[in-house]
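Throughout, protein chains are lettered first and strands after them, A, B, ... in sequence-line order, and every chain is numbered starting at 1.
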Protein chains: 2
Amino acid sequence: MSELAAALGIVGPRWALLIVEQLLDGPQRYGDLQRDLGMGTNMLATRLRELEAAGVLYRLPLRHNTRAYALTDRGLALRETIVALRGWGAGST
Amino acid sequence: MSELAAALGIVGPRWALLIVEQLLDGPQRYGDLQRDLGMGTNMLATRLRELEAAGVLYRLPLRHNTRAYALTDRGLALRETIVALRGWGAGST
DNA sequence: ACGCGGCACTTTCATTTTGGAAGTATGACC
DNA sequence: GGTCATACTTCCAAAATGAAAGTGCCGCGT
């Protein structure tokens with residue numbers, strides 16, 4: 001399996017990269033992610049679980065029953081990829 | 001819609017980026033792509049149609065009933081993204 | 001002229017993924 | 001004790017993906 005295929009196995013599923021993009025601005029709570037991205041809550045929960053298992057992000061406990069999601073170093077390392085893709089998408093006109 | 005989302009609308013579907021990666025080495029025929037990528041022929045046909053419609057690649061007629069698929073400038077511009085993702089995938093250990 | 005084989009797909013149908021809507025759990029606060 | 005906010009889970013329909021087999025076109029050999 002190529003390295004590109006391995007990467008896509010993690011950030012390939014729909015919404016995965018968009019979640020990471022949101023978290024590049026800093027840790028966010030579940031509800032904020034959902035509202036900002038406009039995605040269904042079931043998909044968000046699934047993706048967060050997968051990305052956490054893959055070591056891309058982790059849960060950061062806040063007060064009472066709330067928590068935030070933050071990128072690990074491995075997650076932050078996706079910034080270059082996201083910038084490149086964003087630049088490519090901007091050039092479609 | 002963000003620019004990242006726009007980009008993912010084109011290269012987000014499964015196999016799309018892997019097809020582009022293969023074509024970075026030069027034009028390839030349908031059968032070669034299928035064998036190299038190990039993907040089903042129906043999906044390959046669908047992706048090639050979509051990527052052609054998006055201006056990422058084009059059909060290059062060869063002898064008789066054969067043709068090759070080649071990247072447009074827009075398709076070649078994905079090289080940076082692919083290199084970045086490949087590098088990220090390599091760092092998973 | 002006729003059949004054979006390679007190539008580029010299409011079609012059909014099962015499986016997986018995605019999406020929408022509603023429901024559940026937990027704890028703070030009044 | 002009841003209400004509210006937050007973070008999910010569950011259930012079901014719709015869409016995407018995948019495996020297998022079939023179709024159409026041409027060139028080549030006989």
Side-chain angles (χ1 to χ4, degrees), chain A residues 1-2 4-23 25-54 56-72 75, chain B residues 1-2 4-23 25-54 56-72 75:
Chain A
M1 178 149 140
S2 78
L4 180 57
L8 289 174
I10 298 173
V11 295
R14 203 161 289 169
W15 297 107
L17 261 192
L18 292 169
I19 290 171
V20 174
E21 184 191 28
Q22 279 292 318
L23 295 181
D25 294 340
Q28 307 259 337
R29 286 176 311 161
Y30 187 93
D32 294 335
L33 283 172
Q34 193 194 324
R35 268 186 300 280
D36 291 346
L37 293 172
M39 64 185 292
T41 175
N42 50 351
M43 276 292 100
L44 179 57
T46 301
R47 289 290 167 272
L48 289 174
R49 234 181 289 124
E50 294 168 348
L51 291 172
E52 186 186 12
V56 172
L57 51 81
Y58 62 97
R59 290 156 185 250
L60 186 62
L62 301 181
R63 333 193 135 248
H64 19 289
N65 60 338
T66 70
R67 44 195 145 289
Y69 289 89
L71 293 179
T72 60
Chain B
M1 179 148 138
S2 78
L4 181 57
L8 289 174
I10 297 172
V11 294
R14 202 160 290 170
W15 298 107
L17 261 192
L18 291 169
I19 290 170
V20 174
E21 185 191 28
Q22 279 292 318
L23 295 181
D25 293 341
Q28 307 260 338
R29 285 176 309 160
Y30 188 93
D32 293 335
L33 282 172
Q34 194 195 328
R35 268 186 299 280
D36 291 347
L37 292 171
M39 65 184 292
T41 174
N42 50 349
M43 276 293 99
L44 179 56
T46 301
R47 288 291 165 275
L48 289 174
R49 234 181 289 124
E50 294 167 348
L51 291 172
E52 185 185 15
V56 172
L57 52 80
Y58 62 97
R59 289 155 185 251
L60 186 62
L62 302 181
R63 337 195 132 244
H64 13 293
N65 60 338
T66 70
R67 43 195 145 288
Y69 290 88
L71 293 179
T72 61

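Applying the side chain to side chain contact (heavy atoms under 4.5 Å, CB included) test to B:E21 and every residue at least two apart in sequence or in another chain returns A:S2, A:L4, B:L18, B:I82, B:R86. Qualifying side-chain hydrogen bond (donor to acceptor under 3.5 Å, both in side chains) partners for A:Q28, counting only residues two or more places apart in sequence or in other chains: none. Listed by chain and number, the residues in a side-chain hydrogen bond (donor to acceptor under 3.5 Å, both in side chains) with A:E50 are A:R47 (sequence neighbours excluded). For A:T41, the side-chain hydrogen bond (donor to acceptor under 3.5 Å, both in side chains) partners two or more places apart in sequence, or in a different chain, are A:Y30. Considering only residues two or more places apart in sequence or on other chains, A:R14 meets the salt bridge (Lys or Arg N to Asp or Glu O under 4.0 Å) condition with none of them. Residues satisfying the salt bridge (Lys or Arg N to Asp or Glu O under 4.0 Å) criterion with A:D32, sequence neighbours excluded, are A:R29, A:R35.
Heavy-atom contacts of chain B under 4.0 Å fall on DNA chain C between two terminal nucleotides, which in 5' to 3' order are C:dG6 to C:dT12.
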Please list every donor-acceptor pair under 3.5 Å in which a side-chain atom of residues 58-69 of chain B meets a protein atom from a residue at least two apart or in another chain.
from  : atom 1 : to    : atom 2 : distance (Å)
B:R59 : NE     : B:E52 : OE1    : 3.0
B:T66 : OG1    : B:R63 : O      : 2.9
B:R67 : NH1    : B:N65 : O      : 3.4

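Put simply, the side chain of B:L57 does not reach to within 4.5 Å of the side chain of B:V20, judged on heavy atoms.
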Measure all distances between protein nitrogen or oxygen atoms and nitrogen or oxygen atoms of nucleotides 2-7 of chain D, and list the pairs falling under 3.5 Å.
from  : atom 1 : to    : atom 2 : distance (Å)
D:dT6 : O2     : A:N65 : ND2    : 3.4
D:dA7 : OP1    : A:R67 : O      : 3.3
D:dA7 : OP2    : A:G31 : N      : 3.0
D:dA7 : O3'    : A:R67 : NH2    : 3.2

Could you pull out the protein-nucleic contacts involving nucleotides 14-19 of chain D (nitrogen or oxygen on both sides, under 3.5 Å)?
from   : atom 1 : to    : atom 2 : distance (Å)
D:dT17 : OP1    : B:R14 : N      : 3.3
D:dT17 : OP1    : B:R47 : NH2    : 3.2
D:dT17 : OP2    : B:R47 : NH2    : 2.1
D:dG18 : OP2    : B:W15 : NE1    : 2.5
D:dG18 : N7     : B:N42 : ND2    : 3.3
D:dA19 : N6     : B:N42 : ND2    : 2.2

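The minimum heavy-atom distance linking A:A16 with A:L51 is given by the pair O-CD1, 4.0 Å.
Each of A:L48, A:V56, A:L71 was evaluated against A:I19; a single residue qualifies, A:L48, per the side chain to side chain contact (heavy atoms under 4.5 Å, CB included) test.
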